Structure formats: structure tokens, C-alpha cells
Amino acid sequence: MIICTKKMDYPLGTQCQRVQNQVIKVNAEKERASLRCMKALASKGGVDAVSQQMASHPQYLESFLRTQHYILHMDGPLPLQYRHYIAIMAAARHHCGYLVSLHSAHFLRVGGDPLWLQGLEAVPPRLQHLDQLNKVLAHQPWLTARSHIQALLKTGEQCWSLAELVQAVVLLAHCHSLCSFVFGSGTDTDPVPLPRAPNGTPPGYCLCDAANGNVSVPQPLTSPSEHTTRRRSLDSSCEMVCLKERIQKSQEEKERRGEHLLHTQTLQHTDVEDEEEMTYSADPSRFITDPEFGYQEFARREEDHFQVFRVQDYSWEDHGFSLVNRLYSDIGHLLDDRFRSVTALPSSHGPDLKRATWNYIHCMLGIRYDDYDYGEVNQLLEKELKLYIKSVACYPDATKTPLCPLPWAPLKPSERIHVNLLIMEARLQAELLYALRAITQYMIA
């Protein structure tokens, strides 16, 4: 390596030093992003297929993982078994075998009753009662009404508390929208590893949270305390090299094969011996009722009595955020960070295309913005792209045999993932708006 210094007595020296400093700066930024991503994945016990797909956008991935970890593992009104079973119910509505199997394995890890995995008829009535809301939110969220909320909160032994219901709603919306990403990115074709916690730690135990002395709110994955208090620090050179090599190997193998995904690979600490991967397979159909119920075109005809949801009357920023954050502490901040992270992702196509994509998805789900010219949707989104977005957002399991595959050729891999992230987050916010509006109507009635 030739090192150029400012003491060099020829003009090229200064230029060389400048270039070298720029390269070092760029590499340092990549190193920081890669480290953050690897820490997040390693703290989960492995690199799952979804995280591999999102890894091209590390800042968003961090926000996504923090939210997911919070609703599945951190303090909340619902027991862990209920959380994973609700995730199973949500994923089953879209026949997402990947997520159903993943959460079935998690469900058993946290002590869930194996009999519950036989189907909805084997679970407590209060979970069965959630099925109607799950069905409506997944396929026709505009049907969500105060009556759905009232039916679940009515007095009785099997009723839900308001706090429990809000966490359940967040879980349902999170998993419904994640199904869109799973199918849109082709992740559903991957085998699912049985989740493992790091050696000596209970399921759902987050090393970075323990190091921070935090038991309720997840801290940024790059907080300084990680570097000083974590016993088996990921900053050790040996572990860092190991983690880098495995992720790089995964990416190289993925590119070489030209596949959408790789089989899940587990990252473990260097002093822990590798164990054989175990998989759990569950049939999604056993967790759903009324399988014929699905997405229909949002009706705007007067006789159908469906009113357009106007964001000016009930928005995430002015209404949904404050309500969900009050009833389910801190989740509003985490969800809001996800929405902001995905809209802030760099794109060569500019912000207009991102807004057109977001508003088009909301429009298909009955949500309209009075201050937006919807003529831009047809101007900015090609017909094939619109069909792809609609398929992934509204009936994602149909993309197992794509009705109209997105014309990927002109897009970089990270931009393809960006499109699927926009679809996921726009759908997530739409479901939350409908559910939270219904809860609001119940509370003020």
C-alpha cells in the first residue's frame, strides 16, 4: 500500500491524501452501518431470510428489528405465547408458510401448548374471538368498525382489556404487512430454522438490552454501553471477522446462484459450537376460518355504504400516534420511526415516486388525501408496476405465481427491496388507521 502524506513535495501528494481521506471516510461509514446491522442480527441469534433481504437498507432494518423485538418480546400486556399465536393467526390469513412456521417454533420455545397448533378450535375462546378482526384487517380493513372492538371488550371471563387489544392490533397489522414483504421478496420459499437464543439466555432475551440495564424500551443497537458491558462483545476482532465473513459469504452465494434467497444461516459466537438446524412446519389453513373471504375492490358506490377514509379527518400524525402510544407505551415512537425511516431511504427516482406509491396503496385500501393530485399516480407508476404493487399489498399470497412480475431489470437490488418496504409500511399504517379509528369511536361512544 502506498501512503501519501502532506510532506510529499509534488502536487499529486495533496490530491492523493485527499482521495485517501475520502476513501477512509466512506469505508468507515460502511463499516459502521455493517456493524450496526450485524449486531442487530446477531442479537437475534441468526440471520433470517427477511433480515437478509432488508440488510441493503441497514438504517431501516435497525428500526424494523427494534419494533418487532419490542412487540414480540418486551414488556406488554399480552403473554409471549399469545403474541406468537396472534402472529400465526395473522400470517395464516395470507397462507404465509414462512411466518406461520417461524412463529410456531417461537410459540413452542416460549412454552406454548403444542395442542394449540392443531388449529383455532384448540385455543382459548378469547383468541378465537380475535379471528373476525384478524380477517377483516387482513383483507378488507375498511370494514373495521366499533362493533368489532365492542365485541372483544365486552364484560365476561373471555373479554380483552383495551391495552391487550391494542397490542394485538399492532401485532396483526405488523404481521399482515410483513406477509406482503415476504411474498414480494420471495422469502416464503426459504426453510425456517427453529429459533435459538444465545447460549445461556432465555428466549426473547436481548443482550444489548441487558447490557443497557433496560427491561422495557429497546435502546439503539449502537448504544455505547454495548461496547463496555457486554461480556462476549461483538467488537472483538475475531468475532467481527467471523460475522463479516459469514454475511459476505451469504451475499456472494446468493449472487452466484441468482436465487431470490439463501437458506437461513445462523451466526453464533466463536466459543459456541454449531448445532444442527431444526425446522418446524405448520399448515396455515388450520388457523383460519372463512377461507373464501379475501380482498375486494374498495367500493365507492353509494349503495355499498362504504365511505372513503379521509386522512384530514383521522391521520397517523394527529390521532393514531397519540392514541396507540398512550394505550401501549412507546410503541407509537417505534412505529413512527419505521414510517420515517422508509420514507427517508434514498431513491434514484425521487420523492414523488415514493409518495405516489404510498398514496396508491392507501387509495386501494379506501384512504384518500384531499391535498394530493391522484393523476400523478398514473403519470409516475407504470401499469406493470401498479399491478405488482396492488398484488403484493392486497393479496400477497397470489404472488407465489406472480400475476405480473415487477420489471426488475432497470432496478438495482436495493431499489427492489425499497419498493417492497414501501408497500409493507404503507399497508401497516393503513391497517393501524382503521383499527385505531374504530377504537377511538368505541372510547367516545
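Just so we're clear, the structure is a prediction, and the values are computed from it rather than from any experiment.
- Side chain to side chain, Gln150 and Tyr442 fail the donor-acceptor criterion of an N or O pair below 3.5 Å.
- By the 30° and 60° cut-offs, the orientation of the rings of Tyr295 relative to Tyr395 is tilted.
- Annotation: cation-pi pair Arg326/Phe321 absent, no NZ/CZ under 6.0 Å from the ring centroid and within 45° of its normal.
- Using a 4.5 Å heavy-atom cutoff, the side chains of Val182 and His94 are not in contact.
- When all heavy atoms of Trp160 and Leu165 are compared, the closest pair comes out as CE3-N, 4.1 Å.
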- Message: Run Ile88 and Leu117 through side-chain contact (heavy atoms from CB on, under 4.5 Å) and show every step you take.
- Response: CA-CA 9 Å; Ile88 294 171; Leu117 298 181; 3.9 Å; yes

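- Between Trp316 and Asp336 the shortest side-chain heavy-atom distance falls below 4.5 Å.
- Ring geometry for His73 versus His69: interplanar angle of 30 to 60°, hence tilted.
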- Would you sort out whether Val392 and Phe181 count as a side-chain contact (heavy atoms from CB on, under 4.5 Å), showing the intermediate values? CA-CA 8 Å; Val392 175; Phe181 182 85; over 6 Å; no

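- With salt bridges taken as basic N to acidic carboxylate O contacts below 4.0 Å, none links Arg83 and Glu164.
- The pair Glu431-Arg427 meets the salt-bridge criterion, since a charged nitrogen lies less than 4.0 angstrom from a carboxylate oxygen.
- Inspection of the His362 and Arg368 side chains reveals no N or O donor paired with an N or O acceptor under 3.5 Å.
- The aromatic rings of Trp116 and Tyr85 sit perpendicular, their planes meeting at an angle over 60°, well past the 30° parallel limit.
- Atom OG of Ser185 is separated from atom CD of Gln53 by 4.5 Å, given to the nearest 0.5 angstrom.
- With a 4.5 Å cut-off on side-chain heavy atoms, Leu380 and Asp352 count as touching.
- Salt bridge Lys135/Asp131: absent, no basic N to carboxylate O contact under 4.0 Å.
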- Message: The test is side-chain contact (heavy atoms from CB on, under 4.5 Å); show your working for Leu65 and Ser51 and say whether it passes.
- Response: CA-CA 8 Å; Leu65 291 178; Ser51 297; 3.9 Å; yes

- Task: In sequence, state the C-alpha distance, the side-chain angles, and the governing distance for Phe339 and Leu432, and then conclude on side-chain contact (heavy atoms from CB on, under 4.5 Å).
- Result: CA-CA 12 Å; Phe339 299 145; Leu432 288 174; 4.2 Å; yes

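- Paired with Arg338 under the rule side chain to side chain contact (heavy atoms under 4.5 Å, CB included), one option of Glu425, Gln68, Arg66 passes, and it is Glu425.
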